[in-house]
Structure formats: C-alpha cells, structure tokens
Amino acid sequence: MILRQLLLCSCLACYFHAPAQCPDRPALMQAVIAIEQSAADNTSKLHQLDSLLAIQKRCYKVKDSVYARIVHRMGNIYHLEQSWDNAIAYTKDAIAVNSTAKDRQEPFLVNSYFNLGLFYDKLYLYEESYHYFDSCILLGIRFPEKTAIALLAFERSAFSLYNNGQYQQAKNISELGIRVAHSMGDTLSEIALLAQKAQAMVALDDTAAAGGIRKAISMLTPGTPEAYRIVCYTVYAAVCGKRRQEKEAVKWYRQVLRWNEAAARWNECARNTLDLGNFYLDIRQPAQAMTCYRQGIQYALKSADPYALAGVYNNIGSACWNLKQYREALAHYQRGLNILPIGFKDSSLTANPGYAQLRHVNNNYFVYTLLSNKAESLLELFRSTGQPQWGKAALQTFMVADLSVDLMRWKQYGEPVQLYWRNRTRKMYAQAIETSYLLGDANAACHFFEKSRAVLLNDKLNELGARRLLPAAAAAEEQQLRVRINAVQQQVEARAPGTAAYEEASRQLFREEKALERFIAGLERRHPGYYRYKYDTSAATPALIREHILAADQALLSYFMADSFAYVLQVAKEGTRLYKLPYTKQDLEAWLDLLDQPAFTTTAYNRYRKLSYAVYRQLFAPLQLRAGRVIISGDEYFIPFEALLTDTTAANNYLLRRHAFSYTYAAGSLLKQQRPVARAFYRFLGVAPEEYAAGMQLQPLPGAAASVGRIRRNYRRGRVLTGPQANRQHFLAQLPRSNVVQLYTHASAAGAEPVLYLADTSLRLPEIGLLEDTVTSLIILSSCESGAGKLARGEGVLSLGRAFSMAGIPAVITSLWKIDNKATYDLTEKLHDALAGGLPKDVALQQARLQYLAQQEMDRQLPYYWASAVLIGDAAAVTHPAASRFPYGYVLTGLFFLALIILLVRKYF
C-alpha cells in the first residue's frame, strides 16, 4: 500500500510538470496527501512537495487551501530536519492562507497551530508555544474531527507548563482536557491528562493526587501503548514518595527507568534519575542521591537537553549542600548556570548572569532555583568562615535571584499561580534578609522586605498607573475583556460540575482568559511606556520612604516573621535600623484569637492581659520608639498594635495612647497609590441599606441610616443612599465620583472569597477590581469582617479592604472581626468629626478611639468594641478641593469697563 501511494505521487508530480496541463484542485490535494502518507525520506518528500508548490503557483494565481496544505507539510518536514527558520516560516504561511483565503480550510488551522506550538516548545520559546497550543485548543474543540489534535495540544501544553514550574496552570489545563477527552471517549488522552494533572498536584503538595493517578492506572489495559504506562507509573512513584512509601517509590522509579533505557529515551532517563535522587535526598540519603545524579549526567549528555543537564548539576549541588560541602555545591550550581542556553560562561563562583542574559531565559524556574541555591551556599560559607566577601557575594546573588523572580512572575497569569510562587520564594527572601542583617546592610534589607510582600498589589497598582499611558480605546477594550471574564466566571460557579452547561461555560472562560492574555501581550508590544511602567521592578528605599512617605512625626516599621524571631526594619527621619527580635509564635496567635471576644471570665481576662503584654514586650518595646505616628507594614499576621497593653497595672493602658497607627501592605504601595487629583462631584457618599432583599437572609442594621445622616452634616456637598437606594447599581455608580465614602452594611469572609452585601444583592472581589479612575481618597467599610479573608503569605489578607486598595483607592478603613453596631456608630461619627477638623486620618482614628474609651464602662473598653477598624494606606488628612466661588473679580472688572463705556458715550455722543 505504501509503495503504491509513493508511485502514484511520483507519477502525478511528473504529469503535472507538463507545461500545457494543470490538474484540478482535488487531484492536486490528493497528490499532497499521497506524499504525506508515503515512506520516502524527508529529502525526497521536500523535493516532491516543492514541485507540487511550483505547479500550484503556476496554475492558480491565488493562494488557497491546497497551497496551505503543501507549505504546512513542508514546514513539518523542515522541523524534522531541524531547519527551524523554514519550519516556522512555511507553517505561518499556511496559517495566513487558511485564515484569510476565500478557498480555505479553517479546520486545518488546528494542525498548523499545533505544529507551531510544538516547534516553539522545542526551541524553548515557551510563551509563543503556549499561544499556539491555546489557539489549537480553542479552534480544535469547535470541530469534532480535530478534537484529537486539540487533545494533543492539551497534553503537550500541560507537560510544558509543568516543566516550567507553572504547576497550577498545568493542573488547570489538564482538567479542561480531561473533560474534553472524556466527552469524546478518547481513553488514551484521558489517561495522559489524568497523569499530568496528578503530577502537577504532587508538585503543589495536593494530597488528592493519589486518587487521580490511581484512576489513570485503572484505565490501563494490556493493549495500552507503553508510553502511557511509563507516564502513569512515573507519577505513581512520585505520589508514593510524597506519602513516604519508600520501597514502593524506589521500585517504580527503577522500573520506569528500565523501560525508558530499553527504548533509548535518554531525556526521560535523565528525569527518572533526577526524580529518584530527589526522593533519596528527601529521605536524608544524600549518598544514594549523589549516585543517581551522577548517573543522570550521562543520560542528560546523551539527550543533549541543556535544561536536563542543568537540573542534574543543581541537584548534585543540593546533595553536596546537605553534606555541608558548600564549595562543591557552589561549583555544581555554577556549572548548571553555565550549561543553560543563555550565553553565561563565567565559571567564577561569585559570578552571576546579567539582566540581558536573564531576559533570554525560557525556563525561569530553573534559573531561579540555581541562583537561590547558590546564594544559600554562599550564605553558609559566610556563616562558617566569617569572611565578609562570601556574605557580599551571597547578597549580590540574592539580588539576581530576586530579579529572576520578577521575570518569572511576569509570565504567570492568574492570582492562584502567582500566590503559589510567592509562597515558594519566601524562604529565599528570609535568607536574603538574614544576610543583610549579618552584614549590617539596612538598605539591602529594605529591598528584600519590599520585594517579599504585596507584590500582586504593587503589580496591580503598576498596571493602574500604566493604563494612564494607554489610548482610551485600548483601556476600554481591556476593561470590557475583564468584565466578560468576570461574567463567565459567575456562570461557571452557578452551574453544576459535569453538566453540559458547566462544560460549555468552562470552555468559554478558557477562551475569554486567553483573549485577555493575548490583548495584554499586544499592549506591551505596541506601547513601550505602558510596558516600562507596568513592569517597574524598583523597590522602595529608605531614602524614598523618608522623602515621600514619612511626616516629621512618623516612623515606618516593617516586619518579616519567621517561626521564632522577627526581623524588623525601622525607618524614621533620623535614620534606618534593622532588628532581629525573638518572639513566641504561640503567644501571638493565642492573643490574636482572643481579640474578637466581647467578654471574658476573670481567669480568661488575666490570660488575655498577660499575652497582650508579652507580645508588646517581644515585638514592639525593644524598638524604643518615641510617641508619635507609626506606619506598620506587616507580615504573616495582621497585628492591631494599638490594642497591645504596655503594662499590666492598668486595665486599658493600650499602645493606642502613645501612637497613632496606620497600616500598609508594603511601603511601595504607599508610593504607588497616587492621591486623587480630579475634583470629586461629592465630598461625601454615605451608604446604609439597613434592610436587605428577602432572599439574602440578612439581619437589618437599625440605626445605620440615622448615623450616616449625622455624619453627612460634616460635609458641604454629599449624598446619602439608604433603604432600597443603597443598591449595587447606585453604589458602583456613585463611589468613583465621591471623595470620602462611608459604608454601613454586612460583609462575610466565611466563603471562598469575601462578599460585601448591598440592599439588593452582593458585591464580590472581582467586581470591586473592575473599578477604575476613582477620585475616592478614603473609604470606610463599617461592616463585619471587611478586613478578613484568606491569608496569602507575602501578600497579606485577601480581603474586601485589599480589593478597594487594588482599585486604586489610597486609604481604606476596614474591620478585622465582627463588630458591635452601637460602638461602631459612635466611633465612626467621632472619626468623621475629627476628619472634618483637618486631622490626619491615623490621628483622627486615634482621637476617636480615645474619646470612646474615656466615655465607656470597663466591660466595653475591650478591644473587641474599638480596635476592629484599622486604617490601611495613606494617613494624610482628607483634603477637599476648594468649592467654586462667585467670580467677584470678573464682575467688578466688567462693571468698571461698563461704567467707562457709559461715560465715553455721554461725553462724545
């Protein structure tokens, strides 16, 4: 059969070369298909295809689907010959024709998109690869005859994402592929994607990985191709390793290695030895790990994969580090960096790649791992020898590792992925701060403090600033894309998993997210100013903090919490200091748990006072700050410092009496949050639903409307929304045009994400994120738990308050726990009185609290009643643009000229 097709192809090619004759298009397409199916070598196929291309060009002046099929196939053959320029050029030509030609085959675009994704993947150009795989998937699931190719794109994309450390994205795309494969009855693809999903879950420390890989193994049959069996048992071995089933893990790692070795899959063999060595390292058998890694070098050399070889060198370095052989570890980390295809060849142990070289890295996770491991070894050499040059080299290497984190972050889409990597990089920042402390370098410490926290918030603020550089049409299009994503996300959440409607909504969400990614990438290419602003990597320095943030009576305290000690960076007008304070984690957590208690027994109260004083002595007293204003940049925990007791002799001797506190996610956030310059239509907006739609099942808030009415008297121009008027539509319409916003309502942080309730419906975090171009300088969220939410390491609490900060509102007062209505109305009204008097926001909040405490009985002086509301962001006084005045000057000038004209008229006429 193969021979006959080849002869037919040759005959057709010769026949078509006859100058007087032109074949019809079906015959020409049949000739192309015959070449595709033939067993000829690549050189012969290229010659025949080139001949057919010449005939097509001679006979048909317009490029059509036959032309696209020919150049597509030529591109694939050039890829097999590793002629990459030709492979990409011919394949892109095929895509262009099948995208625009009148006689085109749109379904065949799926084939070309897949090939381009594959080519770029093999060239380590992963962003381009993901783009074309995504295009293949989006189009392939529209055409049933092309679903098999779309499933291949799912598999390849998920595998590539996993290899590049983007585990959450690998899991997500595997999940969607599994559903498509199952609906199409494609068992092999479903097995492969189940295994890939489980592999990503292992990397994410998700215990549910075991169930997924067992399901994949249960689907294997004696007729299943060996490659699928290898993939499943490789992941199964990793799951066994995570579960500390040592014998089972080693058994399957070795079995998979034998299968791959027999088939000469050298790249996979290298991965197998890495996996087994890593497992031995995890169970503290570094000698066994070293044996595996050295074997891995030979496999990696055979595979000719630089990333595989770099991975082996990295892991040998880790084994040496575990054996306290730090110089040997450094040598292997340096070899790993040198072997990467980024043009870095300096073998000196203290040399590092530059920014230009890092920009050409395709697998940022590899480089970050090598650099952070190298810096850790340099730090250990510094500790063990006391020689400052090793400490300085460690600090410089941590700086480069931090830069690689920036580059890695820019390639990550979606908050879950970014949060995962924020958590993974925390250890590196802790070690960098420790190095700064040992060297006495407070400026370097400030850099790592800032880069370790609130990165997602700062990215968002960068993006808001960058949008100001975009044309209005581009900004509007981006906003519309985000709105569509939010709308489809709600559809997904409203549908039952497994239903046809759920599957369609999931696919639509995937399409919308990819559309936004492509749009953003296009913005970055077309608008260099937008790109520079959005990807600004600079961090706040002590000098910038003193110049642009601190008032004369203010100090900034930045905390980085470890398990048994806290690093504290103190920046004040007179200088910068770095502390390392031991503390008891259990004391802090126990005290935080007691803060939201409205009453205590005598025994419990004594314990509360003891814990409060202990935390004060551990985390604040050693700093010896003079009374004044303090900005806290917290970490790990949200600690309301004003509620700490400064001694145990008085019941309410709180730190509040000495200091006015405000909080920030990072000092850089204060620098990036620009105070609104546009004039607000309303100086004040008060929102108090009091009662809610019946289906919401929320308790009324009696007294809220009366309280907001009393507050309104402090402002010359304001608007109050109460009752049914306090609905979602009015709130979102009026907030962006109001200077100070007061909100009395319910909120909850109990679900997957915090929710804010209005009279008619709820408001979710993503919807708040759609706000833009607000002139609001302060929003006060007098609602239960508006400052509560999921704690993200290095980012702070993902709360409603944080969402308004991400929308560009520079100051938010938010509640950390459930609040008492009567106390809240009283405190909030006192706060607005103080703000109207021109006091800075932090001082106004302090004075309101002190007045409250002075008027209350002992049982209502507990922090539960007054300490829940905290100020996050800009602490400067609320400024109201001067109201427009009657133009007396112009009127007087006009009257003068009018009188002059009348005199002249009388004199001369």
Side-chain angles (χ1 to χ4, degrees), residues 426 449 452-454 554-571 579-597 607-625 629-646 653-667 669-670 749 785-799 801-802 805 812-819 842 845-846 849 862-873 875:
R426 183 175 175 81
F449 267 90
S452 73
R453 66 192 59 209
Q554 271 185 312
L556 172 78
L557 300 180
S558 192
Y559 285 79
F560 189 98
M561 312 296 288
D563 285 340
S564 59
F565 55 84
Y567 294 103
V568 186
L569 180 74
Q570 177 185 332
V571 184
Y579 300 85
K580 186 177 181 180
L581 305 179
Y583 80 105
T584 306
K585 188 175 184 178
Q586 292 81 357
D587 286 353
L588 174 58
E589 292 178 347
W591 176 68
L592 290 173
D593 286 341
L594 293 171
L595 281 175
D596 62 356
Q597 301 300 310
R607 180 170 179 265
Y608 154 76
R609 290 175 62 188
K610 181 180 178 182
L611 287 170
S612 182
Y613 181 66
V615 173
Y616 164 73
R617 294 292 301 169
Q618 292 167 14
L619 294 180
F620 197 89
L623 308 179
Q624 299 181 333
L625 284 181
R629 301 165 65 196
V630 179
I631 304 170
I632 300 289
S633 177
D635 176 62
E636 289 291 285
Y637 309 96
F638 200 114
I639 305 171
F641 279 86
E642 50 267 83
L644 290 170
L645 287 167
T646 58
N653 205 353
Y654 294 109
L655 196 53
L656 170 75
R657 299 188 181 280
R658 300 184 190 175
H659 302 283
F661 287 95
S662 63
Y663 298 82
T664 183
Y665 298 105
S669 304
L670 293 176
E785 300 180 326
S786 56
K790 182 178 69 175
L791 176 67
R793 298 192 77 182
E795 287 298 317
V797 178
L798 305 183
S799 64
R802 184 176 181 273
S805 296
V812 180
I813 294 179
T814 186
S815 302
L816 299 179
W817 54 77
K818 294 182 185 298
I819 55 178
D842 54 346
L845 184 57
Q846 179 195 34
R849 287 166 160 171
L862 289 172
Y864 168 80
Y865 294 98
W866 60 268
S868 175
V870 291
L871 168 63
I872 302 174

Student: May I ask you to test the P622-Y579 pair for a side-chain heavy-atom distance under 4.5 Å?
Tutor: no
Student: Applying side chain to side chain contact (heavy atoms under 4.5 Å, CB included) between I631 and each of D842, L670, L871, report the one that passes.
Tutor: L670
Student: Please round to the nearest 0.5 Å and tell me the distance separating atom CZ of R609 and atom CG of N653.
Tutor: 10.0 Å
Student: In Å, rounded to the nearest 0.5 Å, how long is the span from CZ of R617 to OG1 of T646?
Tutor: 10.5 Å
Student: Examine distances only and state if a side-chain atom of R849 and a backbone atom of W866 form a donor-acceptor pair shorter than 3.5 Å.
Tutor: yes
Student: Let me confirm one number: the CG-CG distance from L862 to D596, rounded to the nearest 0.5 Å.
Tutor: 11.5 Å
Student: For the pair T664 (side chain) and S633 (backbone), establish whether a donor and an acceptor sit closer than 3.5 Å, ignoring hydrogens and angles.
Tutor: no
Student: Let me know which of L556, V630, L625 forms a side chain to side chain contact (heavy atoms under 4.5 Å, CB included) with Q570.
Tutor: L625
Student: Please say which of Y654, Y559, W591 ends up in a ring pair (Phe, Tyr, Trp, His ring centres under 6.0 Å) with F641.
Tutor: Y559
Student: So, for Q618 and D587, which heavy atoms are closest and what is the spacing to 0.1 Å?
Tutor: NE2-OD2, 3.5 Å
Student: Would you indicate whether K585, at its atom NZ, is surrounded by more than 12 heavy atoms from other residues, nucleotides or ligands within a distance under 6.0 Å?
Tutor: yes
Student: Any idea which heavy atoms bring M561 and A566 closest together, and the distance?
Tutor: SD-CB, 3.7 Å
Student: Are side-chain heavy atoms of L557 and F620 found at a separation under 4.5 Å?
Tutor: yes
Student: Can you name the closest pair of heavy atoms from L588 and Y637 and give their distance?
Tutor: CD2-CD1, 3.5 Å
Student: Within a strict 4.5 Å, meaning less than it, do heavy atoms of the I639 and I632 side chains meet?
Tutor: no
Student: So with a 6.0 Å cut-off around CZ of R657, is the heavy-atom count from everything else above 12?
Tutor: yes
Student: Where the side chain of Q846 meets the backbone of L656, is there a donor-acceptor pair that is under 3.5 Å apart?
Tutor: yes
Student: Quick check on ring pair (Phe, Tyr, Trp, His ring centres under 6.0 Å): which of Y665, F661, W817, Y663 does F638 satisfy it with?
Tutor: Y663
Student: Is a side-chain donor or acceptor of S612 paired with a backbone partner of L645 at a separation under 3.5 angstrom?
Tutor: yes
